[in-house]
Amino acid sequence: RATQYTCMLLSYLIEHKADKEKLVLKLKQLESSMSSGRKMFRLGNMVHALVAARRTTQLPDVVPRFCLTASNLPKWRNWATKCYYFSLLMNLARDWYEISWRLEQAVQEEKIKENSFWDKHNEELNCVKCDGLHGFLLLLFQILKRHPPLLLDLVKNLCDLSGPLDTLGIYKTNPGVIGFCGVLSSLVGILTLASPHLKLKQ
């Protein structure tokens with residue numbers, strides 16, 4: 001996947017440069033080969049989606065259970081772009097639920113500790129006021145900074161969204177943007193595979 005999107009990005013960047021026609025052609029051929037290979041691998045993902053959907057139905061919290069199960073089900077019912085788009089929206093809804101929950105916790109924590117001594121560990125968070133956009137963004141930054149798995153999952157889902165948005169005509173971009181987002185998403189995926197503690201727990 002990383003190779004496919006890297007080829008897409010590189011071919012877009014050098015497409016209009018002189019004497020690069022052969023290289024662009026080779027990059028596009030390699031991109032096409034990687035894309036075909038990934039379509040074959042997706043057959044195995046059907047089994048994984050079934051298992052994942054079954055596992056997420058047993059989650060105790062209602063919102064993550066619904067979002068993650070709905071995200072997994074379209075993967076084996078229909079591999080069309082619309083279902084992939086829906087799946088990403090459900091994953092983003094789950095991310096936002098996690099963020100909202102942590103924001104609420106942080107606000108409650110701030111209120112409780114408002115008249116007490118500041119703990120060094122929470123000093124940055126406690127001094128943030130949530131009255132206005134600036135305060136909200138600062139608090140959101142602190143939340144994501146302290147929860148890398150949530151940040152990585154959010155980045156990956158947002159990057160993956162560029163493909164279906166373009167394909168469905170919702171927001172047209174170009175191969176350069178899609179390639180860049182695809183490479184970034186793939187790198188995040190590789191990172192979470194190499195370091196499982198950075199993967200958002202289901």
Side-chain angles (χ1 to χ4, degrees), residues 1-42 44-45 48-49 52 67-68 71-72 74-75 78-99 133 136-138 140-200:
R1 186 173 187 270
T3 304
Q4 177 191 342
Y5 284 114
T6 300
C7 290
M8 182 186 292
L9 177 59
L10 289 175
S11 63
Y12 174 79
L13 292 174
I14 64 173
E15 192 170 16
H16 300 294
K17 292 188 176 179
D19 303 323
K20 298 292 183 181
E21 293 85 358
K22 288 184 178 179
L23 180 56
V24 170
L25 182 60
K26 287 181 180 179
L27 286 170
K28 288 186 175 181
Q29 287 174 343
L30 182 55
E31 177 200 334
S32 178
S33 298
M34 293 295 104
S35 177
S36 299
R38 288 183 61 219
K39 286 175 184 175
M40 293 297 295
F41 284 126
R42 284 182 189 139
N45 287 346
H48 172 74
C67 292
L68 291 172
S71 168
N72 284 307
K75 292 180 182 178
N78 190 343
W79 285 98
T81 305
K82 287 183 180 179
C83 287
Y84 180 51
Y85 177 61
F86 174 76
S87 174
L88 289 173
L89 290 180
M90 289 297 99
N91 284 332
L92 285 168
R94 187 269 176 111
D95 289 339
W96 179 245
Y97 172 78
E98 291 277 348
I99 291 171
L133 181 61
F136 169 77
L137 291 176
L138 195 54
L140 178 62
F141 172 77
Q142 293 296 332
I143 294 293
L144 294 175
K145 181 182 175 182
R146 292 185 178 188
H147 300 90
L150 182 56
L151 173 61
L152 290 174
D153 195 68
L154 181 64
V155 169
K156 187 177 189 309
N157 288 325
L158 287 173
C159 286
D160 286 339
L161 206 58
S162 64
L165 282 176
D166 183 80
T167 304
L168 296 172
I170 298 171
Y171 185 79
K172 300 296 288 184
T173 54
N174 58 60
V177 173
I178 297 172
F180 174 78
C181 290
V183 170
L184 184 56
S185 170
S186 300
L187 291 176
V188 171
I190 292 169
L191 179 61
T192 55
L193 281 175
S195 305
H197 68 280
L198 291 175
K199 187 174 180 63
L200 188 63

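When reading the values below, keep in mind they use all heavy atoms of this one structure, side chains included, and skip hydrogens, waters and symmetry mates. When a residue number appears, it is its place in the shown sequence, counting from 1. Please read these numbers as outputs of a predicted model, since none were measured by experiment.
Using a 4.5 Å cut-off on side-chain heavy atoms (C-beta onward), Asp153 and Pro149 make no contact.
By the neighbour-count criterion of 12 heavy atoms within 6.0 Å, atom CG of Asn174 is densely surrounded, having more than that number from other residues, nucleotides or ligands.
Separating the CG atom in Asn157 from the CG atom in Leu152 is a distance of 11.0 Å, to the nearest 0.5 Å. Distance check, rounded to the nearest 0.5 Å: CG of Leu138 to CZ of Phe136 gives 11.5 Å. Residue Leu151 holds its CG atom at 12.0 Å from NZ of Lys145, rounded to the nearest 0.5 Å. Atom CG of Leu30 sits about 11.0 Å away from atom OG of Ser35, to the nearest 0.5 Å. For the atom pair Ile99 CD1 and Leu144 CG, the distance stands at 5.0 Å (nearest 0.5 Å). With rounding to the nearest 0.5 angstrom, the CE atom of Met34 is 13.0 Å from the CE atom of Met8.
Evaluation of the salt bridge (Lys or Arg N to Asp or Glu O under 4.0 Å) rule for Lys17 yields no partner, not counting sequence neighbours. Shown here are the salt bridge (Lys or Arg N to Asp or Glu O under 4.0 Å) partners of Glu21, two or more places apart in sequence or in another chain: there are none. Under the salt bridge (Lys or Arg N to Asp or Glu O under 4.0 Å) criterion, Asp95 pairs with no residue at all, not counting sequence neighbours. In terms of the salt bridge (Lys or Arg N to Asp or Glu O under 4.0 Å) criterion, Glu31 has no residue partners (sequence neighbours excluded). In terms of the side chain to side chain contact (heavy atoms under 4.5 Å, CB included) criterion, residue partners of Leu25 (sequence neighbours excluded) are, by chain and number, Gln29.
Nearest heavy-atom pair across Lys172 and Asp166 is NZ-O, 3.1 Å.
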Got a list of side-chain donor-acceptor pairs under 3.5 Å for residues 176-193, not counting sequence neighbours?
residue, atom, partner, partner atom, Å
Ser185, OG, Arg1, NH1, 3.1
Ser185, OG, Asp160, OD1, 2.6
Ser185, OG, Asp160, OD2, 3.4
Ser186, OG, Arg1, NH1, 2.9
Ser186, OG, Gly182, O, 2.8
Thr192, OG1, Val188, O, 3.2
Thr192, OG1, Gly189, O, 2.9

